[in-house]
Amino acid sequence: MRLSPVVLTVVIAGLAYSTPPEMAFSRLLPAAPALAAAMWPVLPTVLLGTVCLFLMIGLSLVFPGLGTWWTAAGIIAVTVAAAYGSHVRLQRERTLFQVRLVADAAQQVVLSPMPRRFGSIEIESLYLAAAAEARIGGDFYEVVDTRYGVRLLIGDVRGKGLPAVGAAAAIVNSFREAAYSEADMVSVARRLDASSSRYNAAFPHEGPVERFATALLAEMPHGGRHIEILNCGHPTPLLLNHGGVRTLEPTAPSPLLNLAELIGDHYTIDTFDFSPGDLLLLYTDGVTEARARDGEFFPLASWMRRQPPTPPHELLTTLHHDLLRYSKGRLDDDIAALAVRLREPSE
């Protein structure tokens, strides 16, 4: 691709020399520096325009009467415009690079790197932002190892891209503090709701609909073989064990974050068996709402049933690949996922 301006120059010059003068292929030479501006720096673009100018002069010596001066003037004008366009493009690329650096720094704050193993518990994460330029959106997750056990958080702020990052950061930062100090997950959930409400009051959402977030809290006691889940309107996790898939539905709904004051702060914790070798998948709705070209949603449950017993990293790598293939690389929403596995005693 980067050599295409050179290839175009050679092709036009070859046609101009090998065809009758009345076909006037030489008039296409200004196209070469114009194409170079889209992918080359300023100096190479100017040099290519100069080469085209000399080619035109050489053609005029072989074929008099080509309208050399008009074409040469066109080459000069296009080269000057192309050099300026190349300069502007490079400035914008540098600006975009700086924006991406800032987005990466924000992502490190919201989604800090996590250890892949907490004792006998293996955890792997996946994050894909729908806003590719921002590289971060409104989905969030966190895992901390506390005296009460390993606690996980995954959630989704309404909206996507950079406007949702602040709300996600407020929730994640609150969880990092509350998970260590609160003895039960109901208290943690109330702290998250209060932080979300304070943030939304300080930075109101533009539009008639209030900003809210779904969230799922999970706790795995040290040495225990069960998992406790508090689901605040979040997509239900999937548990893969012995070749079967179980949907961990809550017995009663818990309020979404920032809505507890409106609908009541009645939280429900459900306990499920979690045995060695079991694989738990927590995810945001961007996974199940990934669409194929025909509009069909990604069949996550049936996809999970086809997966063999595998480490969390391999499961999420396969999920990443299959989501992009299913949607043809076009994601309409941010995607976050956590895969959790309790290792066998012999491992």
Side-chain angles (χ1 to χ4, degrees), residues 1-19 21 23-63 66-108 126-137 160-163 165 290-291 293 317 320-321 323-335:
M1 288 293 294
R2 294 188 65 84
L3 290 178
S4 56
V6 176
V7 174
L8 180 62
T9 302
V10 172
V11 170
I12 293 174
L15 290 173
Y17 275 107
S18 61
T19 56
M23 299 189 70
F25 278 105
S26 59
R27 296 178 182 176
L28 298 177
L29 282 172
L35 178 61
M39 58 190 71
W40 286 6
V42 176
L43 183 58
T45 300
V46 173
L47 290 176
L48 183 64
T50 304
V51 170
C52 291
L53 180 61
F54 281 113
L55 283 173
M56 189 62 213
I57 295 173
L59 283 168
S60 68
L61 298 177
V62 178
F63 304 108
L66 280 177
T68 304
W69 299 115
W70 290 107
T71 305
I75 293 173
I76 293 172
V78 170
T79 300
V80 170
Y84 176 74
S86 176
H87 172 71
V88 172
R89 175 182 58 82
L90 290 173
Q91 283 189 322
R92 290 180 176 176
E93 288 179 354
R94 283 191 288 268
T95 300
L96 179 59
F97 178 73
Q98 293 298 323
V99 169
R100 286 183 170 176
L101 288 179
V102 173
D104 286 341
Q107 187 177 46
Q108 294 299 316
L126 171 67
Y127 191 92
L128 300 173
E133 295 82 2
R135 305 173 75 174
I136 186 170
K160 58 186 178 182
L162 292 178
V165 174
R291 292 177 180 265
R293 289 287 179 86
T317 298
H320 184 180
H321 177 268
L323 279 173
L324 293 179
R325 183 178 62 180
Y326 187 83
S327 64
K328 304 301 181 183
R330 299 180 61 183
L331 300 176
D332 297 325
D333 197 3
D334 304 322
I335 286 174

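Index from 1, following the sequence.
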Would you tabulate the side-chain donor-acceptor contacts of residues 78-86 under 3.5 Å, counting partners in other chains and residues two or more places apart, or write 'none'?
| from | atom 1 | to | atom 2 | distance (Å) |
| --- | --- | --- | --- | --- |
| T79 | OG1 | I75 | O | 2.7 |
| S86 | OG | W40 | O | 2.6 |
| S86 | OG | V42 | N | 3.4 |

Which atom pairs, donor and acceptor, lie under 3.5 Å between side-chain atoms of residues 2-14 and protein residues at least two apart or in another chain?
| from | atom 1 | to | atom 2 | distance (Å) |
| --- | --- | --- | --- | --- |
| R2 | NH1 | M39 | O | 3.2 |
| R2 | NH2 | M39 | O | 3.2 |
| S4 | OG | M1 | O | 2.6 |
| T9 | OG1 | P5 | O | 2.8 |

Separation between OG1 (T71) and CG (L59), nearest 0.5 Å, reads 9.5 Å
Under the side-chain contact (heavy atoms from CB on, under 4.5 Å) rule, collect the residues that match up with R293, sequence neighbours excluded.
-> K328
In Å, rounded to the nearest 0.5 Å, how long is the span from CG of L28 to CE of M23?
-> 10.5 Å
Considering residues at least two apart in sequence or located in another chain, which fulfil the ring-ring contact (aromatic ring centres under 6.0 Å, His included) criterion with Y326?
-> F298
N/O donor-acceptor pairs under 3.5 Å from side chains in residues 45-57, not counting sequence neighbours:
| from | atom 1 | to | atom 2 | distance (Å) |
| --- | --- | --- | --- | --- |
| T45 | OG1 | P41 | O | 2.8 |
| T50 | OG1 | V46 | O | 2.9 |

Contacts satisfying salt bridge (Lys or Arg N to Asp or Glu O under 4.0 Å) that involve residues 78-92 (not counting sequence neighbours) are R89-E93
Rounded to the nearest 0.5 Å, what's the gap from NE2 on H320 to CG on L324? Could you check?
-> 4.0 Å
